[in-house]
Structure formats: structure tokens, C-alpha cells
Amino acid sequence: MTKYIIANWKMRMTKAGAKTFVQGLAALRDLPKEASTILCPPFPLIESCLGHPSFDVGAQTSGAFLQGPYTGEVSASLLKEMGCKYVIVGHSERRVHYGETNGVVKQKAQKVLQEGMTPILCIGEPLEIYKNGQANTYLQQQLLESLPEEGPLLIAYEPVWAIGTGETPSLETIEKTHYFLTSLLKTETPIVYGGSVTGDNAKDILGLPSVSGVLVGGASLSLETFLPIIRSV
Ligand code: PGA
């Protein structure tokens, strides 16, 4: 079974760092065949990541509109033209810092699909909700309101409290949550887990039957920390 290993570089990578990373990754010939690796760089670095058969490239967000007078936005059609195959939509950092609502996330996902790319739709509950035992209710609403009319897509379950904190839900919680999300979906959809994934916990997480991959932030910034995750597949 394919396991998606997705690097989300956020606003952290440099031009030189990307070059070293990409050259190093592209040179490797012994990566697990079941691993489908996707790099999601900041927009200006997309071009320098393209053209390597052993991994695909995705964007970290895209515009909610087709094209037009939207200063600073990047359209899904341009991302497609560049060579992206995936676009992350609805990451919690977009929802929190840029006010992206479920409705906007859905609109973005639809545009990504219209261009023939695959959205990586992120959902996840904040700490308060998790502590109060209301995660499933929260996730259900977030998922159903953000979900495009039809796929194909990937879903990323990323508890907000697990992102960049070194904390992760128990394996049992991840498994149960993924099965719960699956039960809400009409079509078979891969669900990846994200939030403090490292080379130390990747094997256990990827070993869960309901987990189709991982979305990796901090540990995706260097090959030293990212390769052990790919090799955990
Ligand atoms: P993290 O980020 O791996 O640094 O926790 C994951 C993400 O935000 O996608």
C-alpha cells in the first residue's frame, strides 16, 4: 500500500537549502517503492524542486478564485502550469493566521481539483476541544464543510496541539480518529497524519492500517531528519 510522505517546508526553507535537499534526495536510488514522496516548498522554490522522477511537488496553498485582480495570490491554474501535482488546503496555520474558513478551504479545494491536481485537505482540532472530549464533533463539522463536492483528494488529520510541539496523540487515538473520518466519507480517501512526526515515531504511526502517510513540518527541513521518515515506510 502506498504511503504518502509529505514535506511541508512552511516559510522556513532557503534557496540554498532547497538545492542541497533536492540534489541529495534525487540522487538516492534505494528509497522504499511504497513511499510516495511529495515536497511542498514556498512558491518561489517550486521550480527548483521539479523534474525528479522519485518525488512530486505540491504547493502550500493556492488562490480561492480562478484568476484576476487578487494581489499576492497564486492561482491553482498557474501551480498546475508550473508542474505541481498537489496543493495543501486548509492547513491550521492558514485557518488561524489568515482567517481561512471552511467555505474558503472548500473553494480552494474545488479549484485545485478543476485543474487536475490533488488537494491535501487539512483538518484538526484545537487543544481546548481535544481536552473537552469534543474532537470528533469538531472534526466532523470541519471536514464536511471543507470537503469539495467530489475527489480525488488526500485528507490530513493534524491536531492543532500536535503541530510543532513534540506531542502526538496516542497511536490508538490516531487510529480511532482516522476510522471515524473514514466513516464520514462516501468514497475511499487516503488519510495521512500530521503533527510532530519524526524519525522516532514515524514507523509506529505509518504502521497503523488506517494511516496512509504522514505530513511532516519541522522534520522535513533537512535530509538527515526527513530520510529516516521515508525509510520507515
Ligand atoms: P510539524 O508540522 O511536523 O512541525 O509538527 C506539521 C504540519 O504543520 O504540517
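Hydrogens, waters and symmetry mates play no part in the numbers below; they use all other heavy atoms, side chains included. Just follow the structure's listing: the first ligand is 1, and inside any ligand the first atom is 1.
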Any N/O of [X] closer than 3.5 Å to an N/O of ligand 1?
X: Thr165; answer: no
X: Gly195; answer: no
X: Glu158; answer: yes

Give the numbers and elements of all ligand 1 atoms closer than 4.0 Å to a heavy atom of [X].
X: His91; value: 7 (C), 8 (O), 9 (O)
X: Gly164; value: 1 (P), 4 (O), 5 (O)
X: Ser196; value: 1 (P), 3 (O), 5 (O)

Between Lys10, Gln60, Glu93, which one has a non-hydrogen atom sitting closest to atom 8 (O) of ligand 1?
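Ranked by closest heavy atom to atom 8 (O) of ligand 1, first place is Lys10.
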Is any side-chain heavy atom of Leu121 closer than 4.5 Å to one of Leu154?
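No, their side chains stay 4.5 Å or more apart.
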Taking the side chain as everything from C-beta on, heavy atoms only, tell me whether Lys131 gets closer than 4.5 Å to Trp161.
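Not in contact.
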Are Thr61 and Phe43 close enough, and set up right, to give a side-chain contact (heavy atoms from CB on, under 4.5 Å), and what steps lead you there?
CA-CA 9 Å; Thr61 184; Phe43 290 132; 4.0 Å; yes
Can you tell me the protein heavy atom closest to atom 4 (O) of ligand 1 and the distance?
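Here the nearest protein heavy atom works out to Gly218 N, 2.8 Å.
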What is the closest protein heavy atom to atom 3 (O) of ligand 1, and at what distance does it sit?
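Minimum-distance protein heavy atom for atom 3 (O) of ligand 1 reads Gly217 N, 2.8 Å.
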Would you say the side-chain atoms of Thr173 pair up with the backbone N or O of Pro169, donor to acceptor, closer than 3.5 Å?
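Such a contact is absent between Thr173 side chain and Pro169 backbone.
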Exercise answer: donor-acceptor pairs, residues 29-37 side-chain atoms, under 3.5 Å, sequence neighbours excluded:
| residue | atom | partner | partner atom | Å |
| --- | --- | --- | --- | --- |
| Arg29 | NH1 | Ala26 | O | 2.9 |
| Asp30 | OD1 | Arg231 | NH1 | 3.4 |

Any donor-acceptor pair under 3.5 Å linking the side-chain atoms of Arg95 with those of Ser146?
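Checked: Ser146/Arg95 side chains pair up, N/O donor to acceptor below 3.5 Å.
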Quick one: sort the Phe21 and Trp9 rings into parallel, tilted or perpendicular, breaks at 30° and 60°.
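The rings of Phe21 and Trp9 stand perpendicular, inter-plane angle above 60°.
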At under 4.0 Å between heavy atoms, is it the side chain or the backbone of Asn8 that contacts ligand 1, or both, or neither?
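The side chain, only.
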